[in-house]
Amino acid sequence: MAPAKTYPRIYRTTRRIPRGRVATYGQIAELSGLAGHARQVGYAMHALDSETNVPWHRVINAQGRVSLGDLAGRAQRALLENEGVVFDGSGKVDLARFRWRPRSR
DNA sequence: GCCAGGGCGCTAA
DNA sequence: ATTAGCGCCCTGG
């Protein structure tokens, strides 16, 4: 069957995330018209290559935590901190403050 | 903080 | 065709 058109939508939505802001997988899914299928978003991120223009590091899970392991996790964290996003002692982001809010501004 | 279970779409074997 | 696994999310103990 024809390939899914899911990834392009996800990438498009992800690119809209402003610098210094983060979004959750579920949020991206919803904005991409894939409400409830957050898993696809995570999978799409993994499918990206190094030349991508998609800010995958701005996408984190619903707990405000980076879903990756140690290595990639701290790399992502470093990228976000470089943009002004703050992590607490547990390596979590305060979503109430840094979560991207589209259309509500 | 941890683990278990169900649900959704896609990929690899 | 089927199975299993995933950068998930939610609920519950």
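Just the heavy atoms: all of them, side chains too, but no hydrogens, waters or symmetry mates, feed the values below. By convention in this document, chain letters (A, B, ...) are assigned in the order of the sequence lines, proteins followed by strands, and residues within each chain are numbered from 1.
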B:dG9 base / A:Tyr43 side chain donor-acceptor hit below 3.5 Å: no
Taking side chain to side chain contact (heavy atoms under 4.5 Å, CB included) as the definition, give me every residue that meets it alongside A:Glu83, ordered by chain and number, with sequence neighbours left out. A:Arg19, A:His57, A:Arg58, A:Leu80
Over how many whole Å does the gap from A:Arg9 atom CZ to B:dG9 atom C1' extend? 13 Å
Contact summary for A:Met45 and A:Val59, nearest pair of heavy atoms: SD-CG2, 4.2 Å
Expressed in angstrom and rounded to an integer, what is the separation of A:Arg39 atom CZ from C:dC6 atom P? 9 Å
Can you list, pair by pair, the side-chain donor-acceptor contacts under 3.5 Å of residues 62-74 of chain A, counting residues two or more places apart and other chains?
residue	atom	partner	partner atom	Å
A:Ser67	OG	A:Asn61	ND2	3.0

Rounded distance (Å) that lies between atom C1' of C:dG7 and atom NZ of A:Lys92: 17 Å
For residues 29-47 of chain A, which residue pairs qualify under side-chain hydrogen bond (donor to acceptor under 3.5 Å, both in side chains), counting only residues two or more places apart or in two chains? A:Thr13-A:Ser32
Within residues 28-37 of chain A, the residues having a heavy atom closer than 4.0 Å to DNA chain B are A:His37
Once you round it to whole Å, what is the distance between P of B:dC10 and CE of A:Met45? 14 Å
For A:Glu81 and A:Phe87, work out which heavy atoms get closest and say how close. CG-CD1, 3.7 Å
Qualifying residues under side-chain hydrogen bond (donor to acceptor under 3.5 Å, both in side chains), relative to A:Asn53, sequence neighbours excluded: A:Arg15
Rounding to an integer number of Å, can you tell me how far A:Tyr7 OH sits from B:dG9 P? 13 Å
Main-chain N/O of A:Trp100 paired to A:Gln27 side chain as donor or acceptor, under 3.5 Å: yes
Taking only residues two or more places apart in sequence, or in another chain, which ones meet A:Arg9 in a salt bridge (Lys or Arg N to Asp or Glu O under 4.0 Å)? none
Is the closest side-chain heavy-atom distance between A:Val86 and A:Phe98 below 4.5 Å? yes
Validation row: A:Ile28, A:Ile17 side chains within 4.5 angstrom (heavy atoms): yes
Are any of A:Thr24's side-chain N or O atoms less than 4.0 Å away from OP1 or OP2 of C:dC8? no
Residues at least two apart in sequence or cross-chain that pass side chain to side chain contact (heavy atoms under 4.5 Å, CB included) with A:Ala44, listed by chain then number, are A:Tyr7, A:Ile10, A:Tyr11
Measure CD1/A:Ile10 against P/C:dC6 and give the value in whole Å, please. 18 Å
Distances for protein N or O near nucleotides 11-13 of chain C N or O, under 3.5 Å:
none

Enumerate the residues from residues 54-88 of chain A whose closest heavy atom to DNA chain B is under 4.0 Å, giving them by residue number; use none for an empty result. none
Holding to side chain to side chain contact (heavy atoms under 4.5 Å, CB included), I want the full list of residues that pass it with A:Arg97, two or more places apart in sequence or in another chain. A:Asp94
My validator wants the stems of DNA chain C: runs of 3 or more consecutive Watson-Crick or G-U pairs, both distances under 3.5 Å, written as range with range. B:2-7 with C:8-13, B:9-13 with C:2-6
Residue pairs fulfilling salt bridge (Lys or Arg N to Asp or Glu O under 4.0 Å) with at least one residue in residues 42-54 of chain A, sequence neighbours excluded: none
